[in-house]
Structure formats: C-alpha cells, structure tokens
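Note that this is a predicted model, so its numbers are computed, not measured. Below, chains carry the letters A, B, ... as their sequence lines are ordered, and counting in each starts from 1.
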2 protein chains.
Amino acid sequence: MPTEAQKTDIFQALADPTRRGVLHLLSKKDQSIAELSSHFDISRTAVVKHLNVLNEAGLVRSEKNGREKIYYLQPEPLKELKEWVSYYEQFWYNKLTKLKYSVENDTLNK
Amino acid sequence: MPTEAQKTDIFQALADPTRRGVLHLLSKKDQSIAELSSHFDISRTAVVKHLNVLNEAGLVRSEKNGREKIYYLQPEPLKELKEWVSYYEQFWYNKLTKLKYSVENDTLNK
DNA sequence: ATTATATGAAACCAAAAGGTGTTATGTCAA
DNA sequence: TTGACATAACACCTTTTGGTTTCATATAAT
C-alpha cells in the first residue's frame, strides 16, 4: 500500500542509467535539484524530468526548503523488483529446479 | 563472466512488459517463436524484436530445431539485478540504516 | 529595493522504441 | 515436387524518450 499511486512502471523508471544514478546519489544524501544536477553532464531541466519520472514511480519524494526543493529516496517500491527477481532465482544454478517448481506451484501468470 | 557480451543493458531489456512476459513464459517452458507469439496480441515480427533485445541482454538463448527456433531462458544476468536491488534493501525499513551504512562502507559509486 | 539564486514551465527537436505489413528463404510432409 | 509452415529480412510508420533553450517566478541576501 504505497502512499501515492505509482503512475509509472518501476521497471521503466529504472531503465535509464541517469535515473539509477540519481537514486544512488539520494541513497547517500538527501539533496536539492541543483546539487543533484551538478553530478551529471546534462542540463538541470533534463535532471528534473528524470526526477519527475522517479517521483511518479514512487521512488523519490521531495519537500521544499526555502527556495530549494530537497529530494529524498523512497525505496519501498523496489520491493516489487526484489520479488520479481526472486522468482527467477530458482533457475540460476540448475535447470532441473524449473521442472520441480512448475509442478509444485502452478502459477501460470503472476 | 557471461558466455557472450551483453550488448544491451539488462534494466532496459526488462523495462518492457511484453519482454517480461516472454521471460515468464520461457521460465515455464522452452518454446518456439510461433508458440511464444500466440500469447500476445502483437505481431510475430514484434515478438521477434523483443526476443532480439532479450538475446542481446543475455537473458535468452535459442537453438534451431528443424524449421523451428526454440528459445530458452538464460537467467544468469539477473544476478546483476539482484545485486543492484540488494544495495537498496538496507534502506527499506528505517532510515537510520542509511547513515550507518555510508559510514561503514565508503562506496561512493557502484 | 535590487540582485543573485533555485526552481518551474513551455516549446521544440532528434533519435529510439514499439509496432505494422510485405516479401524471401529454408524445411517438413504429402 | 509442391504446398504448407516457421522463421528471416526489410521497409515503413507513429509515439515516446531524453535532451535542449528560453522565459517566468519565488526566495535569499546585500
């Protein structure tokens, strides 16, 4: 139950390397748009667009502080990603597990 | 050490829901292009394009069987995804962990 | 009050993504 | 060998994506 609806698919949000870079920066420190932008070679406007995508995916939030807007990480939606990948973990080492699993659980779709 | 170079970023490969659907189908059963295509509302040609993307990301492989081309899941590259997400796991429950971590390990990038 | 700073918002653009349909090639089966 | 089937290879199209520049607004500091 996320506080806000996730308008953007999390997989799509993470597809862009700049956006993943933003998440990593925010994992170190909450920071303003200007500070975030200083770490990339693209314009501030472009970074803001990425922040909007991340925000719509529920991965970041922000609050105004004077004339600054401070962004912070909101990692909870990544749980979905973890669950997704954990399904595939069973196939990593031997292929026999696949058969075993599909017999035990009969999950055809999600 | 993947057998083949991954020309396509795994995050990008997973961004498309159809491609994730293909992976899920292949996790159940190795299958031909025709059989895979039957599960989607898009053309076979479109499915082939998705398969090419997945192949370039190292997530699927194929082998010819007569006039058919059988695709199978290659889940190993997903380990990278798991590692990526595991970094963020530490931030899931309380925000204090963040500080703790960044003090102990001083990993600024990657 | 004025100036510098931080962000917001809009218009625009090129390239990539995701889709289509058509035609060609290789293989199986009758 | 002929027809059907499975895939390959193109050419083409529309929308989305990731970027730009420019202009406007709000706040801080002198």
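Exactly one of A:Leu25, A:Thr18, A:Val22 qualifies for a side chain to side chain contact (heavy atoms under 4.5 Å, CB included) with A:His39. That residue is A:Leu25.
Taking the charged nitrogens against the carboxylate oxygens, B:Glu63 and B:Lys69 have no contact shorter than 4.0 Å, which rules out a salt bridge. Look at B:Asp9 and A:Arg20 and you find a salt bridge, because one of the NZ, NE, NH1 or NH2 atoms lies within 4.0 Å of a carboxylate O, short of that distance. Taking a cutoff of 4.0 Å between a charged side-chain nitrogen and a carboxylate oxygen, A:Lys49 and A:Asp16 do not qualify as a salt bridge. A salt bridge links B:Glu35 and B:Lys29; the closest N-O separation between the charged side-chain nitrogens and carboxylate oxygens is under 4.0 Å.
Between the NE2 atom of A:His50 and the P atom of D:dT17 there is a distance of 12 Å, rounded to whole Å. Rounded to whole Å, atom P of D:dA8 lies 14 Å from atom CZ of B:Arg67. Computed from coordinates, the A:Ile70 CD1 to D:dT27 C1' distance equals 14 Å when rounded to whole Å.
The number of heavy-atom neighbours closer than 6.0 Å to NZ of A:Lys79, taken from other residues, nucleotides and ligands shown, is above 12.
DNA chain D is contacted by A:Ile42, A:Ser43, A:Thr45, A:Ala46 of residues 35-46 of chain A, taking any non-hydrogen atom closer than 4.0 Å.
Contact of the A:Gln74 side chain with the A:Leu26 side chain is not registered, since no non-hydrogen atoms from C-beta on lie closer than 4.5 Å.
Think of the region where chain B sits on DNA chain C: with heavy atoms and a 4.0 Å cut, that region ends 5' and 3' at C:dA17 to C:dC28.
In terms of position on DNA chain D, the residue among A:Lys64 and A:Arg19 whose nearest nucleotide sits closer to the 5' end is A:Arg19. In terms of position on DNA chain C, the residue among A:Gln12 and A:Ile33 whose nearest nucleotide sits closer to the 5' end is A:Ile33.
Side-chain N or O atoms of B:Arg19 include one that pairs as donor or acceptor with a backbone N or O of B:Gln12 at under 3.5 Å.
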